[in-house]
4 protein chains.
Amino acid sequence: MNEKIRFSTVISNFGNQSDRFISSGYKDNKSLEEMFHDASKISDLSGLELVGTWHINEENLGLVKELKNKYGFKIPIIVIDTFSQKRWGKGSFTSGDPEIRKQAIAEVKKYMDICPELDCNMIDIWPGQDGYDYSFQADFIRDWEYMIEGISECADHRNDIKIGIEYKPKEPRTHCYVSSIGKTLNLINKIGKDNVGVVLDVGHALYAYENMAESAALCSLFGDKLFHLHLNDNYRYWDDDMMVGSVHIIEYLELIYWLKRIKYNGWFSLDIFPYREDGIGSARESINWIKEMMKAINSIENTEIEKVIKEGNAIKSSELLRKMVFK
Amino acid sequence: MNEKIRFSTVISNFGNQSDRFISSGYKDNKSLEEMFHDASKISDLSGLELVGTWHINEENLGLVKELKNKYGFKIPIIVIDTFSQKRWGKGSFTSGDPEIRKQAIAEVKKYMDICPELDCNMIDIWPGQDGYDYSFQADFIRDWEYMIEGISECADHRNDIKIGIEYKPKEPRTHCYVSSIGKTLNLINKIGKDNVGVVLDVGHALYAYENMAESAALCSLFGDKLFHLHLNDNYRYWDDDMMVGSVHIIEYLELIYWLKRIKYNGWFSLDIFPYREDGIGSARESINWIKEMMKAINSIENTEIEKVIKEGNAIKSSELLRKMVFK
Amino acid sequence: MNEKIRFSTVISNFGNQSDRFISSGYKDNKSLEEMFHDASKISDLSGLELVGTWHINEENLGLVKELKNKYGFKIPIIVIDTFSQKRWGKGSFTSGDPEIRKQAIAEVKKYMDICPELDCNMIDIWPGQDGYDYSFQADFIRDWEYMIEGISECADHRNDIKIGIEYKPKEPRTHCYVSSIGKTLNLINKIGKDNVGVVLDVGHALYAYENMAESAALCSLFGDKLFHLHLNDNYRYWDDDMMVGSVHIIEYLELIYWLKRIKYNGWFSLDIFPYREDGIGSARESINWIKEMMKAINSIENTEIEKVIKEGNAIKSSELLRKMVFK
Amino acid sequence: MNEKIRFSTVISNFGNQSDRFISSGYKDNKSLEEMFHDASKISDLSGLELVGTWHINEENLGLVKELKNKYGFKIPIIVIDTFSQKRWGKGSFTSGDPEIRKQAIAEVKKYMDICPELDCNMIDIWPGQDGYDYSFQADFIRDWEYMIEGISECADHRNDIKIGIEYKPKEPRTHCYVSSIGKTLNLINKIGKDNVGVVLDVGHALYAYENMAESAALCSLFGDKLFHLHLNDNYRYWDDDMMVGSVHIIEYLELIYWLKRIKYNGWFSLDIFPYREDGIGSARESINWIKEMMKAINSIENTEIEKVIKEGNAIKSSELLRKMVFK
């Protein structure tokens with residue numbers, strides 16, 4: 001947790017966000033270059049995540065390289081789009097249609113092969129459409145087997161590219177299969193490949209009633225499996241994708257401490273939906289909060305924090321936190 | 001609860017549903033006539049709710065009348081669009097911009113004046129964008145005053161048209177002002193007009209941790225204020241807008257009993273988002289479940305049900321329910 | 001929000017807390033004098049809330065007066081016990097048994113008459129057992145009528161003693177009648193007496209998915225009805241009754257700002273269950289957090305805060321909060 | 001799912017239930033013999049679960065055997081008490097105090113050795129006190145290592161006795177370590193012993209936002225690990241421990257189908273807290289609901305159900321369910 005901290009964001013942060021009521025979005029659309037340009041105004045930002053099909057594909061690879069170089073960004077991870085097209089509506093890796101399952105795997109492989117072109121070594125698989133909405137609609141065992149097989153095949157495709165699996169309890173399905181840190185670690189263990197790990201989205205953990213610090217620690221305990229972070233905040237019932245610093249200061253501090261302790265050295269990457277807010281401002285504010293919280297953690301000796309944790313006395317924990325936050 | 005039961009649905013049930021990940025929708029778009037045509041295939045359906053700007057406006061009034069007559073539907077209620085255009089993104093009745101507040105009120109009045117043309121006597125105000133997302137973003141007192149003033153002005157516009165206020169805890173804001181049955185009844189009481197009452201959306205009540213039967217009863221206790229129903233189901237954490245019959249059978253039975261008891265004689269209207277499902281099938285199934293549940297309630301003498309309720313013994317309640325459901 | 005801020009706590013904070021698994025409690029029992037003595041060690045504490053039957057009754061009134069004087073505490077409020085005895089198990093004010101209803105009202109009146117003896121001018125009615133657990137177990141309309149009648153009769157008993165109604169969504173019933181700020185304000189409005197208002201328990205508001213700042217503001221809007229505060233924290237799903245400062249810093253700051261704005265001049269009173277924690281430490285820490293948060297709010301000019309709120313721009317709200325919290 | 005179905009209940013169902021407000025309980029205490037006697041009045045009941053220290057210990061083993069034989073019950077499982085004594089208040093297997101950790105393991109071994117005396121071959125470990133309440137209070141990695149070590153040692157003690165691990169998201173801690181099906185399967189996999197599996201408490205799964213049918217299926221997929229069931233119901237936010245049949249009929253039907261499909265042949269055991277209800281009645285009603293739901297599932301050919309599930313069409317799922325429930 002030092003000068004080497006690298007900040008990034010999903011680039012759509014600078015675009016236009018829609019929901020089911022305003023499907024054309026709350027703001028105006030922006031071109032890819034406009035989004036790179038906006039990003040360049042945030043001095044702390046050195047990485048930009050791209051979503052396949054939205055921001056990068058075979059056609060525009062040249063443009064992406066050009067913008068990346070022009071604006072001087074790294075691409076920490078490419079998010080595979082297995083969720084935003086009609087064909088994925090009833091599942092991707094676990095679709096009942098073998099053709100769709102094949103397409104999902106092919107989509108992953110395609111972007112794994114694009115990665116090196118962008119000096120990127122990781123892709124994000126978020127199987128958001130893989131799950132179910134109603135009872136008696138899903139064959140859980142068959143579908144979990146498809147999931148394991150599908151991601152295994154991707155992992156075998158090339159081991160120089162890491163695969164981060166992003167879990168989420170629900171949305172867009174009422175029940176997503178890969179819904180919690182526990183299920184994700186089971187899946188990863190079953191796949192059993194070194195290049196498969198976890199993308200921990202803090203908001204997803206929060207509304208799965210997880211303490212994200214514990215979830216990060218478990219990734220470490222079960223094999224150095226924390227590959228990447230998605231940072232945002234919410235009110236614990238839904239993936240509100242708010243700015244960091246909006247609600248959960250205390251649990252964020254605990255997360256930051258544990259990231260330091262497990263020697264996480266990946267990116268601190270934002271995944272926010274600033275529907276009604278300025279894109280630049282919302283990313284900048286989020287980063288400023290994270291930096292202040294890192295400073296707060298670093299203001300106390302590790303040995304002192306460890307001593308408090310070891311004691312397990314909540315009153316001392318409260319004193320420690322109060323000193324961190326308000327001093 | 002007899003032969004006079006009238007079923008309707010929001011007509012968008014037959015259209016194409018989108019969410020923030022697939023903003024072009026999971027299915028194909030349909031024309032207004034196609035939606036009327038689909039609706040006409042459901043023999044139990046005699047009403048169609050229209051949403052202002054989406055399905056009805058000053059331009060297409062002639063077409064709407066024609067389709068209404070051709071397919072033989074009534075229009076139980078028109079839903080005012082104060083939520084689906086960019087201009088409403090930061091509020092309608094409670095916007096900080098006086099021009100927007102005026103436009104919201106004008107929008108309501110315009111549709112109140114259209115109502116008689118369609119033999120319709122009720123509009124639905126759902127102030128979905130009126131609320132806030134973040135702390136220190138809203139002046140609660142000022143905004144609640146705007147809300148009271150705005151809807152009062154609408155109610156004064158003409159008293160032959162009823163105004164049903166539809167509450168919802170959250171979405172699209174993380175916090176909506178008119179979020180619960182209690183707040184809604186306060187608002188209605190403060191407005192103090194006979195033509196202002198409640199649209200009870202069962203799903204909204206469920207994820208506000210209300211028992212919708214109690215919410216309906218409170219509308220009656222505080223002045224015969226249950227004007228209209230929106231029926232759907234969810235898993236209690238979000239407005240999943242699922243088919244009736246998906247999850248909450250027991251609480252639905254209790255609701256149906258109380259609607260009978262408070263002599264509700266309005267419409268039984270669906271408000272479902274069948275993202276991945278056939279529109280006709282999802283409406284038909286929902287109505288079939290409601291009819292079965294009505295039959296279940298009607299299979300037991302009122303006096304017997306009242307006796308069980310009066311006793312307050314949960315074991316007898318369970319026996320009663322078991323008899324209703326499985327016999 | 002100045003030197004006149006008065007802190008108190010429910011005195012059971014210093015006692016022994018039990019739950020359904022360790023019904024004898026996690027710590028050792030303490031005598032009333034021991035609890036007064038513990039309280040006296042916290043210099044910021046000048047008030048102690050007493051629970052009827054637990055800490056005060058007709059028999060021990062002399063002792064209470066003596067301890068109160070010896071240790072120099074005020075009694076801001078007496079909490080009426082209509083929840084902790086077998087007779088209340090199926091309701092107090094709304095019991096189906098008229099004898100129980102009479103007893104509940106008598107219990108309130110008795111303690112209203114004791115109040116002046118202790119220079120206390122307020123009682124707290126928390127109708128925790130009034131509600132239901134199962135469907136088809138409750139006659140909502142009858143019970144709400146009992147509730148209105150019962151508390152009205154209490155309010156009429158003497159108008160020099162204020163009655164604060166404390167709402168809570170659930171526990172010990174799965175559904176409590178007086179469950180939200182909205183329902184509580186309806187109840188108070190229906191009763192229509194000047195001496196009836198709200199006890200806002202922050203934790204109860206949080207797990208009703210309320211923003212407690214808005215709830216406080218509504219008490220003001222609907223008639224200066226915020227009589228008393230119960231302060232604690234939780235994880236939004238249950239009444240965890242944790243120390244202040246544990247989770248919701250941001251929303252607490254907003255609450256403190258609004259208390260200042262609506263000119264709340266009552267007590268800042270803790271209602272915590274430190275099951276496994278030292279009673280003195282947990283109260284002291286909670287008060288220290290509140291004082292730090294008050295300082296944070298007072299560090300910014302009112303006009304600046306109002307300007308940010310008026311603008312409704314979440315990025316400015318975030319900047320404001322960051323400035324408050326970290327410097 | 002046939003004539004061999006065996007029903008049991010935790011015997012405390014017939015006793016007196018307390019909560020934190022009425023710690024002496026809502027009813028009267030009963031002797032062990034009275035509870036056996038009550039249980040004997042339910043003809044479908046053939047098993048009784050005992051909780052260590054509450055109902056069975058080294059002193060009263062003779063009495064338990066005598067009652068078991070006199071009333072003709074089997075003991076499907078003994079629940080180890082690592083949660084209801086002051087010494088466990090800050091954890092059992094993961095306590096910071098090595099002496100307490102030793103005691104927890106010793107407690108398990110002691111009851112494993114008692115099992116054969118009662119023709120019982122399974123114990124239930126519910127590590128309810130193992131977790132944390134506040135941030136910066138727990139060393140997640142150390143504690144999870146203790147948990148793995150501790151239960152491993154128990155499993156090694158004797159392999160003729162099965163150990164079922166019962167997970168629960170929270171209560172009595174705000175965060176329990178073994179909180180979800182995913183984490184539990186990780187723990188079991190890490191321990192890697194044949195005699196360690198899952199006790200699936202349906203209510204715990206429901207308020208972890210799991211679909212309990214999927215959770216049961218995952219136990220099967222990850223190695224025939226569904227050892228035992230605890231049946232009850234709740235409103236999805238808390239462990240209300242209500243009677244079966246109170247809320248979640250649809251999801252219960254799906255669970256029962258999947259138990260049949262994965263060939264679960266263990267007990268159907270109740271774990272209910274009938275605070276205000278008659279013990280005999282609440283167990284009898286729960287069993288009656290389960291039997292009706294089994295009948296409903298058995299009324300449809302397996303092949304028909306499988307066909308619907310395979311198709312994944314929610315409208316057909318709804319038709320199927322409607323036919324099951326109301327015919």
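So you know, we letter chains A, B, ... as the sequences are listed, proteins then strands, and number each from 1.
- Interface remark: C:S286 contributes no atoms to any contact with chain A (heavy atom separation under 4.5 Å).
- The shortest side-chain heavy-atom distance between A:F326 and C:M293 falls under the 4.5 Å cut-off.
- Side-chain contact between C:I315 and A:R284: absent, with no pair of heavy atoms (C-beta onward) separated by less than 4.5 Å.
- Counting non-hydrogen atoms of other residues, nucleotides and ligands closer than 6.0 Å to NZ of A:K41 gives a total above 12.
- Among the residues in residues 317-325 of chain C, those with a non-hydrogen atom closer than 4.5 angstrom to a non-hydrogen atom of chain A are C:S318, C:E319, C:L321, C:R322, C:V325.
- Judged by distance alone, the side chain of C:Y209 and the main-chain N or O of A:Y237 form no donor-acceptor pair under 3.5 Å.
- Chain A forms the most heavy-atom pairs under 4.5 Å with one residue out of C:M242, C:R236, C:R276, and that residue is C:R236.
- Between chain A and the options C:E285, C:K316, C:K295, C:E277, heavy-atom pairs under 4.5 Å are most frequent for C:E285.
- With a 4.5 angstrom heavy-atom cutoff, C:N313 does not touch chain A via any of its atoms.
- Only the side chain of C:E251 comes within contact range of chain A, judged by heavy atoms closer than 4.5 Å.
- Taking CG of C:L253 as the reference point, atom CD1 of A:I249 lies at 9.5 Å (rounded to 0.5 Å).
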